[in-house]
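This chain uses plain numbering: 1 for the first residue, then up along the sequence. Basis for what follows: all heavy atoms, side chains included, without hydrogens, waters or symmetry-related copies. Each ligand, and each atom within it, is numbered from 1 in the order the structure gives.
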Amino acid sequence: MKANVIHEFGPPEVLKYEDVPDPQPRDGEIRIRVHAATVNRVLDVSLRAGKEGFRLPVLPLVPGVDCAGVVDAVGPKVRRWKVGDRVAAAGVMPLEPCPENCAGYSGPEGMMGIKRPGGFAELVCVPSCAAVEVPQGLDFRAAAVVMRHAPMAWNLLFNVAELKRGETVLVMGAGGNLGTTGIQLAKHVVGAKVIAAAGSDDRVKLATDLGANFGVNYNTQNIKDEVLKLTDGKGVDVLYDNVANSKILPFAFMALGMNGRLVTAGAHGGPNVTINFAHLYHKKITIMGRTGHKEEDIPKCFAAAAAGKLRAQIEKLLPLSQAREAHRLVESGEVSGKIVLDPTLDKVS
Ligand SMILES: NC(=O)c1ccc[n+]([C@@H]2O[C@H](COP(=O)([O-])OP(=O)(O)OC[C@H]3O[C@@H](n4cnc5c(N)ncnc54)[C@H](OP(=O)(O)O)[C@@H]3O)[C@@H](O)[C@H]2O)c1
């Protein structure tokens with residue numbers, strides 16, 4: 001099969017598109033014919049550049065921390081999946097062979113694309129417990145992108161902040177991955193009122209196009225004043241911030257109302273932010289940080305996407321052979337939506 005392989009860390013040129021033996025599924029594993037794999041700033045680009053050494057990637061490495069596609073072969077002891085099933089896989093998973101449902105597995109674990117071969121290949125083997133069914137009506141490209149961002153947004157908004165129908169959420173960094181996902185889940189899944197805030201008019205427009213009730217450009221407008229105006233002075237119930245912009249977040253924090261909840265899973269614009277403690281206790285605000293997601297939320301995200309409630313923001317599709325170009329694009333910061341590699345495009349190009 002064809003795969004992108006990293007033999008050393010460095011610039012995009014270290015990605016070698018080469019022939020490698022087809023992987024063979026071991027006990028409890030399935031082999032997926034990949035139709036889509038997302039390209040990510042940290043877990044792919046930064047890792048390839050050698051800046052993620054603490055994750056202890058194993059070289060030579062087929063990168064790609066997720067994939068969606070069709071089951072192409074099943075290993076011994078696999079009962080849950082059959083050839084032809086539509087699946088997606090991502091995240092931390094067993095590294096050693098394991099029983100079909102991974103029950104009782106106590107061996108080493110790690111992410112595909114970091115500790116075991118990943119999705120930048122025509123074929124990839126994963127433990128069957130790491131695969132999730134992709135419903136009919138959801139294409140593989142959308143499934144890969146939804147799996148990457150939506151379960152985390154779901155966890156932050158619904159499990160952690162407990163956002164409810166009729167409540168108001170302020171989404172910061174609204175044009176980004178977690179932002180665009182959070183807007184759609186909040187609006188179309190629970191029926192919350194969404195105020196989307198971003199640093200450019202284009203990103204604000206994207207957010208309102210996705211369903212946000214109101215948009216605020218926090219580089220040209222005062223975020224606190226605008227939000228208080230939009231909420232009749234009450235403030236919002238939930239502040240969903242995954243940026244930690246030290247110049248903006250202190251003002252957004254003042255727009256949190258009584259019993260407000262601030263949830264976060266990111267701080268790339270910070271990480272240090274000053275907040276008003278008097279507002280914190282007077283308004284009985286709770287601040288909650290979380291990483292990761294709950295496995296049981298992935299099918300819920302897929303169902304929302306299949307029902308048209310969640311549109312994946314895909315900027316560009318590229319053939320597997322153009323992984324270097326994909327890395328360059330993500331590294332340049334010129335793209336706002338997701339870059340997805342699709343090995344089936346190599347066959348027709
Ligand atoms: N996506 C995930 O599933 C995931 C998983 C784990 C952790 N995280 C963390 O969550 C955070 C958000 O992820 P994301 O994928 O949504 O990010 P993103 O799309 O790359 O960025 C979100 C927004 O942050 C603002 N921004 C970007 N760079 C900035 C900078 N240097 N300073 C200040 N603002 C900046 C931009 O908004 P404006 O310019 O409009 O303000 C951008 O639209 C990151 O810290 C990420 O590490 C994400």
When you measure from [atom] to every protein heavy atom, which one gives the shortest distance, and what is it?
atom	answer
atom 8 (N) of ligand 1	A265 O, 3.7 Å
atom 41 (O) of ligand 1	Y218 OH, 2.5 Å
atom 15 (O) of ligand 1	N177 ND2, 2.9 Å
atom 36 (C) of ligand 1	R203 NE, 4.6 Å
atom 48 (C) of ligand 1	L178 CD1, 3.6 Å
atom 45 (O) of ligand 1	H268 ND1, 2.8 Å
atom 33 (C) of ligand 1	G269 CA, 3.6 Å

S200, any N or O under 3.5 Å of ligand 1 N or O:
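Between S200 and ligand 1, no N or O pair is found under 3.5 Å apart.
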Per-atom contact, atom 29 (C) of ligand 1, protein heavy atoms, under 4.0 angstrom:
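True for atom 29 (C) of ligand 1.
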Considering only protein heavy atoms, determine whether one is less than 4.0 Å from atom 12 (C) of ligand 1.
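There is a protein heavy atom less than 4.0 Å from atom 12 (C) of ligand 1.
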Atom CZ of R324 and atom NE2 of H327: how far apart are they, to the nearest 0.5 Å?
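It is 11.0 Å, given to the nearest 0.5 Å.
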Which bit of A267 is near ligand 1, meaning a heavy atom under 4.0 Å away: side chain, backbone, both or neither?
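For A267, only backbone atoms sit under 4.0 Å from ligand 1.
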Per-atom contacts of ligand 1 with [X], taking only distances under 4.0 Å to non-hydrogen atoms:
X	value
A198	40 (O)
G266	9 (C), 10 (O), 11 (C), 45 (O)
R148	3 (O)

For a quick test of reading the model, state the closest non-hydrogen atom pair linking E29 to Q24 and the distance between them.
OE1-O, 4.3 Å
Tell me whether the guanidinium CZ or amine NZ of R86 lies under 6.0 angstrom from the six-membered ring centre of F140 and within 45° of its axis.
yes
Nearest neighbour of [atom] from the list [options], on a heavy-atom basis:
atom	options	answer
atom 2 (C) of ligand 1	R41, H149, M172, K247	H149
atom 4 (C) of ligand 1	M152, Q313, R290	M152
atom 43 (O) of ligand 1	G199, P271, A207, G176	G176

Please tell me whether D342 and T344 have a donor and an acceptor in their side chains that are separated by less than 3.5 angstrom.
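Indeed, the side chains of D342 and T344 share at least one donor-acceptor pair under 3.5 Å.
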Under 3.5 Å, is there a donor on one side chain and an acceptor on the other for H7 and E18?
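Yes, side-chain donor-acceptor contact under 3.5 Å.
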Please state whether the sulfur gamma atoms of C129 and C102 sit closer than 2.5 Å to each other.
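A disulfide is present here, as the SG pair of C129 and C102 is separated by less than 2.5 Å.
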With a 4.0 Å cut-off, would you call [X] and [Y] a salt bridge?
X	Y	answer
K294	D297	no
D209	K205	yes
E334	K316	no

Are P25 and V78 side-chain neighbours, meaning at least one heavy-atom pair lies under 4.5 Å?
no
Using non-hydrogen atoms of the residue, decide whether V243 is closer than 4.0 angstrom to ligand 1.
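Yes; V243 lies near enough to ligand 1 that a heavy-atom distance drops under 4.0 Å.
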Quickly, which of K193, R261, K187, K234 forms a salt bridge (charged side-chain N to carboxylate O under 4.0 Å, His left out) with E167? Name it, please.
R261
